[in-house]
Participant: 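Can you keep this structure in mind? I'll have questions shortly.
Computed from heavy atoms alone, side chains included, the values below leave out hydrogens, waters and symmetry copies. When a ligand or atom number is given, it counts from 1 through the structure's own listing order.
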Amino acid sequence: MQDFLNDEEVEKLIIRINKDLKDILSEKRYNHSIGVMKKAEELAKIHDENINKAKLVGLAHDIGKELSENEMIQYTKENNIEVDEIEKINIGLLHAKIGADICSKKYGFSIDMQNAIKYHTVGNLNMDLLSKIIFVADKIEDGRNYKDEDKSKDLKLAREIAITNIDEALLFEIDCSIKYTIQKGKLIHPDSILIRNKLLINKNK
Ligand SMILES: [Fe+2]
Ligand SMILES: [Fe+2]
């Protein structure tokens, strides 16, 4: 996008994406998308990021999430999207790359907006402020709640940290995600380790 889009044009685009999501997503995922949009807006205001971009990306970040695994594989083939070793096994992760591609082609999202969608599942070494905001907003939006006591505690803490320090909040969320991935015996994406190390090194500088 389209840094030149004015507020009125952004509102029009939001209405369009909103309508598309209602058609594509389950009610639960649609509500989550609205939750991430609101949380991303809130965090963008606090941490001084472009509010329109945060809202649009927050809303659209899971646009590819409810494609079937076969549809995801098909989409990557038809649109020349590279699939890495981990994504070949954990196909669901591809909804991030696919979502970014859809939003680029359908709504004209800029590279930084596409990257924020691309990086929202496992993180990436090159995350900028917008990407960090979306990653964190996805995990802490107001609609999220957990029965599990540990997860519930983590969520509460993450919501507090996100207000004061987005890097700390991202590090915390990456740690949680790695922890739960290990508990489930699943593969950890190397990009999560890379961004975690970068955040830790920067923190201790
Ligand atoms: Fe997602
Ligand atoms: Fe999400």
Side-chain angles (χ1 to χ4, degrees), residues 14 17-18 20-44 49 53-69 71-73 75-76 79 81 83-84 86-107 109 112-124 126-128 130-146 148 151-152 154-155 158-159 162 166 169-170 172-181 184 186-189 191-192 195:
I14 284 178
I17 299 171
N18 192 55
D20 291 345
L21 292 182
K22 269 196 171 164
D23 291 340
I24 303 168
L25 299 180
S26 62
E27 195 184 345
K28 192 175 172 222
R29 181 97 45 210
Y30 169 77
N31 290 337
H32 163 69
S33 304
I34 299 290
V36 177
M37 176 175 75
K38 288 181 180 163
K39 186 56 74 178
E41 179 182 14
E42 200 181 305
L43 294 178
E49 178 51 270
K53 285 186 178 183
K55 281 170 74 178
L56 285 164
V57 176
L59 179 64
H61 79 286
D62 270 343
I63 195 162
K65 178 88 179 180
E66 291 186 2
L67 293 173
S68 69
E69 289 194 347
E71 286 169 330
M72 286 191 193
I73 293 164
Y75 189 98
T76 56
N79 293 278
I81 292 172
V83 180
D84 67 34
I86 311 289
E87 289 161 342
K88 274 183 193 156
I89 296 165
N90 192 351
I91 294 163
L93 291 177
L94 284 170
H95 83 273
K97 284 182 180 172
I98 292 172
D101 194 72
I102 294 172
C103 288
S104 155
K105 288 172 179 161
K106 213 169 174 187
Y107 310 124
F109 278 18
D112 56 339
M113 293 167 78
Q114 291 172 46
N115 284 342
I117 297 182
K118 240 184 240 178
Y119 303 156
H120 89 269
T121 50
V122 296
N124 186 281
N126 300 314
M127 291 174 95
D128 59 9
L130 182 65
S131 300
K132 292 172 183 175
I133 285 175
I134 297 303
F135 193 101
V136 172
D138 185 30
K139 306 293 183 295
I140 67 167
E141 56 103 355
D142 289 348
R144 276 207 195 263
N145 59 68
Y146 298 108
D148 181 279
K151 281 191 175 184
S152 187
D154 284 346
L155 178 62
R159 283 178 175 147
I166 198 70
L170 176 62
F172 185 79
E173 281 305 340
I174 296 271
D175 278 353
C176 287
S177 155
I178 291 174
K179 192 169 73 184
Y180 297 132
T181 307
K184 284 189 273 185
K186 284 191 164 186
L187 291 167
I188 294 173
H189 199 288
D191 286 350
S192 302
I195 182 65

Participant: Are side-chain heavy atoms of I24 and Y30 found at a separation under 4.5 Å?
Facilitator: no
Participant: Rounded to the nearest 0.5 Å, what separates atom CG in N124 from atom NE2 in H189?
Facilitator: 9.0 Å
Participant: Of all N, O or S atoms in D62, which has the smallest distance to the Fe ion (ligand 2)?
Facilitator: OD2
Participant: Would you say H120 has an N, O or S atom lying under 2.8 Å from the Fe ion (ligand 1)?
Facilitator: yes
Participant: Please confirm whether the backbone N or O of I81 pairs with a side-chain atom of T76, one donor and one acceptor, at under 3.5 Å?
Facilitator: no
Participant: Do we get K139 above F135's six-membered ring, with its NZ or CZ under 6.0 Å from the centre and within 45° of the axis?
Facilitator: yes
Participant: How is the N/O/S atom of D138 that comes nearest to the Fe ion (ligand 2) named?
Facilitator: OD1
